[in-house]
Engineer: 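To start, I am sharing the structure in question, which I have written as C-alpha cells.
Heavy-atom basis, side chains included; hydrogens, waters and symmetry copies ignored. Below, chains carry the letters A, B, ... as their sequence lines are ordered, and counting in each starts from 1.
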Amino acid sequence: MAVHWADVYAEKIIREKGEKDPYVCASGITPSGTVHIGNFREIISVELVVRALKELRRNVRFIYSWDDYDVFRKVPKNMEDKQTLEQYLKKPITLVPDTTGRWANYAEANEKDLEALLHQVGVDPVYRYQAEKYRNSEYAEGIRTALKERDTIRDILNKHRTQPLAEDWYPVSVFCTSCNKNTTRQLGWDGNYRLSYACDSCGNEETVDLRNTAAVKLPWRVDWPMRWEYEGVDFEPAGKDHHSEGGSFDTAREISREVYGYQAPVTFQYDFVRIKGRGGKISSSSGEVVGLSDVLEIYQPEIIRYLFAGTRPNSEFAISFDLDVLKIYEDYDRCERIYFGKETVSEKRREKERRIYELSQVGEVPAAMPYQLPFRHLCNLLQIHDGDVNGVLERISEIEAQQRPRLEQRAQCAWNWITTFAPESFRFSLRSPDAAPLELEKEEKQAVDETIGVLENFQLSDDESADEKRLGEALYSVPESAGLDGKSYFKLMYRVLIEKDRGPRLAGFLLTTGLERVLRILSVYR
RNA sequence: GGGCCGCUAGCUCAGGUGGUAGAGCAACAGCCUUUUAAGCUGUGGGUCACAGGUUCGAACCCUGUGCGGCUCACCA
C-alpha cells in the first residue's frame, strides 16, 4: 500500500478515471501579481502526483495554465511605478506594461520570473497562456455552450450567492475592443456565435463573433469547468479558498457535469503556507511578498521540494527563515542517510523517508550518497573565510567534482542565511591582524601570550579529531598558569578572536581557522 | 450562517488500515580534577481539549461540546 500521499492520489486517479493515455494533470494561477510561495504549493503538489503516476508507468500530460487574460483589478503594493500601472486598471493584464522594463507586459513579467525558477526545482510543465487561447478564439465553442446553458449556470451559481444574478445576466465578461476595459454590458446574443455589448467607459457599442474575437472571456467559475472539458483534465488540486462548500470548485464541479457533460477531475485541498522568521528583514525589492526566489536564497532546491513533499497537503506549515533553517537542513541530511542505509530506523519510518527523499530530488536519485557538509559547520567555515564559497570548498579534499555544484548551492544558501536572517548570536567575524589590540588585564595578556606559545609548538598530524583533542588538552593548562579561571579564559579567547563572549568550540575553531592565521591575529598582544 | 482544519511533553510538531505515545528544541545530568555550548552521551517530562458511544482494546472510528484558526457566501 502506498505510503506517500502523492502515490495515494496517483492510485486514486487511476481508479476513478480508469485507464487513460495520457492522464492530464493541471495546475494554474493568475499572474496578476508576484507569484508567492503559497501559489507554489499548488504546482509542486501536482508535480509530485505527476511523478507518482509516471512511476506507475502511465503517460502524463502536465499542464500549467496562466490565467493571463485576467482583469487588472488593483495595483499590488510591491510594484514599481504604481502611477503608470493605475492607468491600466480594468484591462487584461497582458495589456499592462511591465514597469520594470524587462518583459513585454505585466503578466509576462510575473510568468517568466517564475517559470525560470520552477525549472530549477524540477518542475517542467507545458505552459498554457489563457490570453493567447482566448484571443485566438480557441474557446469559442465552450463560450457558446455556456451562453446556451446560461439559465442552468445562473441557477447553479445562485444556489450559493447572497445576491442572485440578474435575469439578463450572461455568463461572459467582455473587454471592449475600443478601450480594452471590461466595463461592458451585454445587450444581446443571437443564440449562436454573435454577441452584442455596450461599453460604459467609452460608449462603444458593437456585435462580435465568438469565432474571431478576442473580446469575450468566461468568468472564473465558468472558465474553470470549461477548460476541464477542453483539456480533459483528470487531476487538479486547489487551495482552501476554492474548496469550501459553495466555493468555486463546488460550482465548477456542477457546471462541468450539467453544462459540459464532463466529470470533474480528482482533486484535493491544500492549505496555505506561512512564513516564519523574516521579522524586520523583509526584502525591499519584493515588498511583503515572499516568492520562490526568496526561498531559493536560503534553501537548496531539493530541500524546498523536501519541505512540500514531507508535509501533507491539507495541513498548514511554515517556511522558516530563522534558526529552524538549521533543523530543516539537518532533517534533510538525515533523510538522505536513511535513504542510503547509513542510519537505521524502523522499517516503517524508513519506507516513508525513502519515498520523501526520492520525491525531493530535482533529477535522478544519486547513485551513491553525496558528501554531506552540515549546514551548521558550513556557517562556521564561511564566517571564518568571510563568505568565500570557493575558498571554503577547496579546502575540503573529500569533495568530488560532480558534487561540487550542489555544495556550492548549499554554501551560497548558508552565506545568504548568515548575512540576512541568522540571529546575532550566531554571527561572528575574525578580527583583522591589523586591528588595534584590545585592552587586556595583566593575567589576560599572559594567557594570550602562553596560548601563542602553545600554538607555535603544536605539531599537526593527519588525524584531525586527534589534533583537536590534543590541542584542547594543551589549552587547558593555559588559564591555570596564567591565573585565570577556565571560564574567563575562553571568554577572553573569543574576545580577542571575534570580539564576542562565546563562539564555536575553541580547539576545533582554532584548527579550522588555521593556526597561522590565529597567530597573526594574536601577534598584536606580543 | 455554511464548510474545512487543528487541539498530543514547557515550545514546535510526528503519530497509513484501532494494540496501550514519539522526535527536535528547551530543561537537567555527565563528557580524561579547571571547559565557552553552536559538540557528544544520557535523564526526566504527557488524563493525547472535554463528555459520551462502538470495541477485548481508542490519540486514532462514531456522536456531541468547548476553544483556536482558516475559508465561502464580491472577484478570481
Side-chain angles (χ1 to χ4, degrees), chain A residues 1-5 7-8 28-33 67 69-74 93 157-165 173 182 217-224 238-252 268-272 274 276 310-318 320 322-324 326-328 330-331 334 345-346 348-349 351-353 355 374-377 379-380 383 422-423 425-428 465 468-470 472-473 475-481 483-495 497-498 500-509:
Chain A
M1 191 174 184
V3 290
H4 194 273
W5 58 263
D7 299 310
V8 171
I29 54 162
T30 161
S32 56
D67 185 10
Y69 213 35
D70 194 16
V71 186
F72 192 45
R73 274 178 218 86
K74 61 177 184 190
I93 51 179
L157 295 181
N158 276 345
K159 279 198 277 190
H160 306 282
R161 291 178 66 95
T162 342
Q163 295 260 319
L165 293 160
S173 143
N182 72 338
K217 191 195 171 190
L218 292 173
W220 164 249
R221 282 181 188 250
V222 186
D223 170 81
W224 204 12
K240 64 198 305 192
D241 48 341
H242 295 296
H243 259 289
S244 278
E245 187 167 287
S248 59
F249 196 95
D250 237 28
T251 54
F268 63 69
Q269 171 184 317
Y270 56 83
D271 209 320
F272 297 148
R274 283 175 311 160
K276 181 165 169 268
T311 312
R312 292 192 314 274
N314 198 5
S315 64
E316 184 178 295
F317 76 102
S320 297
D322 55 15
L323 274 173
D324 289 355
L326 296 172
K327 180 180 171 359
I328 301 295
E330 279 164 17
D331 286 351
R334 180 137 194 251
V345 289
S346 72
K348 197 168 160 182
R349 165 101 188 261
E351 225 183 304
K352 196 173 157 192
E353 298 274 351
R355 188 61 180 135
F375 195 82
R376 196 184 282 267
H377 186 226
C379 287
N380 286 336
Q383 292 190 89
S425 62
F426 208 88
R427 294 192 217 177
F428 65 83
S465 72
E468 183 171 339
K469 203 168 170 187
R470 260 194 314 126
E473 282 166 19
L475 291 172
Y476 293 149
S477 64
V478 172
E480 198 181 7
S481 79
L484 277 178
D485 61 287
K487 206 166 182 168
S488 318
Y489 172 65
F490 283 96
K491 207 165 162 180
L492 165 71
M493 289 309 294
Y494 292 119
R495 264 169 54 217
L497 290 170
I498 58 178
K500 302 193 77 153
D501 287 343
R502 28 161 66 183
R505 204 172 154 79
L506 191 58
F509 180 45

Engineer: Between A:F272 and A:F317 (judged by ring centroids, cut-off 6.0 Å), do the two rings come close enough to count as a pair?
Structural biologist: no
Engineer: For A:T251, what residues pass the side-chain hydrogen bond (donor to acceptor under 3.5 Å, both in side chains) criterion, not counting sequence neighbours?
Structural biologist: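 Applying side-chain hydrogen bond (donor to acceptor under 3.5 Å, both in side chains) to A:T251 gives A:R221.
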Engineer: Can you tell me which stems involve RNA chain B, if a stem is defined as three or more consecutive Watson-Crick or G-U wobble pairs, both distances under 3.5 Å?
Structural biologist: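 When the pairs of RNA chain B are grouped into runs of at least three, the stems are B:1-7 with B:66-72, B:10-13 with B:22-25, B:27-31 with B:39-43, B:49-53 with B:61-65.
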Engineer: Under 4.0 Å, heavy atoms only, any strand: does A:F509 hit a base, just the sugar-phosphate, or nothing?
Structural biologist: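 Here A:F509 touches no strand at all.
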Engineer: Can you work out whether A:G472 or A:S173 has the more 5'-proximal nearest nucleotide on RNA chain B?
Structural biologist: A:G472
Engineer: Could you check whether atom NZ of A:K74 has more than 12 heavy atoms from other residues, nucleotides or ligands sitting under 6.0 Å from it?
Structural biologist: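 Open.
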Engineer: Using a cutoff of under 3.5 Å, can you pull out all pairs of nitrogen or oxygen atoms linking the protein to nucleotides 27-34 of chain B, with atom names and distances?
Structural biologist:
| unit_1 | atom_1 | unit_2 | atom_2 | d |
| --- | --- | --- | --- | --- |
| B:rC32 | N3 | A:E473 | OE2 | 2.8 |
| B:rU34 | N3 | A:Y476 | O | 3.2 |
| B:rU34 | O4 | A:Y476 | O | 3.3 |

Engineer: Just the rounded figure in Å: distance from C1' of B:rC13 to CG of A:D322.
Structural biologist: 14 Å
Engineer: Check nucleotides 3-12 of chain B for protein N or O atoms closer than 3.5 Å to its own N or O atoms and list the pairs.
Structural biologist:
| unit_1 | atom_1 | unit_2 | atom_2 | d |
| --- | --- | --- | --- | --- |
| B:rC4 | O2' | A:Q269 | NE2 | 3.4 |

Engineer: Side chains of A:D70 and A:T30 only: does a donor on one sit below 3.5 Å from an acceptor on the other?
Structural biologist: yes
Engineer: Taking only the side-chain nitrogens and oxygens of A:R334, find out if one of them lies under 4.0 Å from OP1 or OP2 of B:rA23.
Structural biologist: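 No.
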Engineer: To the nearest angstrom, how far is A:H242 atom NE2 from B:rC70 atom C1'?
Structural biologist: 15 Å
Engineer: I'd like to compare against my own output: the B/S/- annotation of nucleotides 58-64 of chain B with a strict under-4.0 Å heavy-atom distance to protein.
Structural biologist: -------
Engineer: Verify the ring-centre separation between A:H243 and A:F249: is it less than 6.0 angstrom?
Structural biologist: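 Yes; A:H243 has its ring centre under 6.0 Å from that of A:F249.
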Engineer: Ring of A:Y270, cation from A:K240 - is the NZ or CZ under 6.0 Å from the centre and inside 45° of the axis?
Structural biologist: no
Engineer: Between A:F426 and A:R221, which residue's closest nucleotide on RNA chain B lies nearer the 5′ terminus?
Structural biologist: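 Of the two residues, A:F426 wins.
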Engineer: So, using ring pair (Phe, Tyr, Trp, His ring centres under 6.0 Å) as the criterion, who are the partners of A:F72 when residues are at least two apart?
Structural biologist: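 Listed in chain order: A:Y106.
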Engineer: If you look at every strand shown and take non-hydrogen atoms under 4.0 Å, does A:Y489 touch a base, only sugar-phosphate, or nothing?
Structural biologist: nothing
Engineer: Tell me whether the side-chain N/O atoms of A:R161 come closer than 4.0 Å to OP1 or OP2 in B:rG2.
Structural biologist: no
Engineer: In whole angstroms, how far is the P atom of B:rC13 from the CG atom of A:D331?
Structural biologist: 14 Å
